[in-house]
Structures are given as C-alpha cells and as structure tokens.
Amino acid sequence: MLNHLRLLVRPETVLRWHRDLIAHRHARSSRPHQVGRPRTTRSIRRPVLRLASENSTWGYRRIHGELLVLGVKVAASTVRES
C-alpha cells in the first residue's frame, strides 16, 4: 500500500515553508514596537497652551517655571515644542 501512495508536497517545499515561518517569526519579534519619542499627553499640553495664550509676553522658560510651581514636572524643551 505504501508503494501506491504519492507525496503531494516535496520535502524541499516543506523545508522552505519551515524556513519562511521561522524567518517571519524572528523578523516580527525583533522589530521595535514603537518608533520615536512618545507624544506629550493632553494633561500637560493643555496647561502649557493655556498659560501661553493668557500670557503672551511669557517665554517658554517662564511658562516652564510656572508649571513647576503648579507641580507639573515637565522639561523646558517639552514646553518649547508645545
């Protein structure tokens, strides 16, 4: 009976499928999940924009200082970019 059975798929094809599966799995796991710096949250961005609009003569360093007084820890460069 074994003599009458024919393979539908060649062994080389099965090996190629396996290599492709392993390569795809490795490529997916080694890829970074997020690219770049995370965005500034709304809870920080909102007071920065409010202080800037209400006090048009203030610079970003002054706004940064006022946020520190209010207890919001944020870098001066983040205030400048907002």
Side-chain angles (χ1 to χ4, degrees):
M1 178 155 165
L2 289 175
N3 293 338
H4 298 292
L5 286 177
R6 290 192 167 186
L7 290 176
L8 297 176
V9 180
R10 295 188 331 203
E12 296 85 21
T13 305
V14 174
L15 290 174
R16 183 176 46 85
W17 288 344
H18 183 261
R19 280 193 310 269
D20 292 346
L21 178 70
I22 296 301
H24 181 70
R25 184 178 299 159
H26 177 69
R28 187 176 12 154
S29 65
S30 65
R31 192 175 341 150
H33 297 289
Q34 276 188 336
V35 178
R37 186 176 181 176
R39 295 183 59 130
T40 306
T41 60
R42 289 182 185 172
S43 62
I44 293 174
R45 195 174 163 91
R46 196 175 298 139
V48 169
L49 295 177
R50 182 176 176 189
L51 285 172
S53 66
E54 291 177 359
N55 306 292
S56 60
T57 59
W58 288 5
Y60 73 93
R61 290 196 181 270
R62 173 78 186 265
I63 295 171
H64 174 251
E66 292 297 323
L67 288 171
L68 289 177
V69 170
L70 293 173
V72 178
K73 290 193 175 195
V74 63
S77 59
T78 304
V79 174
R80 182 182 65 226
E81 296 296 321
S82 296

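Hydrophobic clustering (ILVMFWY, side-chain heavy atoms < 4.5 Å, transitive): Y60 and V72 are in one cluster.
Residue D20 is tested with R16, H24, H18 for a side-chain contact (heavy atoms from CB on, under 4.5 Å); the sole match is R16.
Heavy atoms only, all atoms of each residue included: L67 and P47 are closest at CD2-CB, 4.0 Å. Taking each heavy atom of V9 and W17 in turn, the nearest pair found is CG1-CH2, 3.9 Å. Shown here for L49 and S82, the closest heavy-atom pair between the two residues is CD2-O, 4.0 Å. Between T78 and T40, the shortest heavy-atom contact is CG2-OG1, 3.6 Å. Shortest non-hydrogen contact noted between V74 and H64 is O-NE2, 2.8 Å.
Residues R19 and L15 meet the side-chain proximity criterion, which asks for heavy atoms closer than 4.5 Å. Looking only at side-chain heavy atoms (C-beta outward), E66 and L51 come within less than 4.5 Å of each other.
No donor-acceptor distance shorter than 3.5 angstrom exists from the side chain of S56 to the backbone of S53, with no hydrogens or angles considered.
Not counting sequence neighbours, S77 has no partner by the side chain to side chain donor-acceptor pair (under 3.5 Å) test.
Other residues, nucleotides and ligands contribute only 12 or fewer heavy atoms inside 6.0 Å of the CZ atom of R46.
For the atom pair E81 CD and R45 CZ, the distance stands at 10.0 Å (nearest 0.5 Å). In this structure, CG in L70 is found 9.0 Å from CG in L68, a value given to the nearest 0.5 Å.
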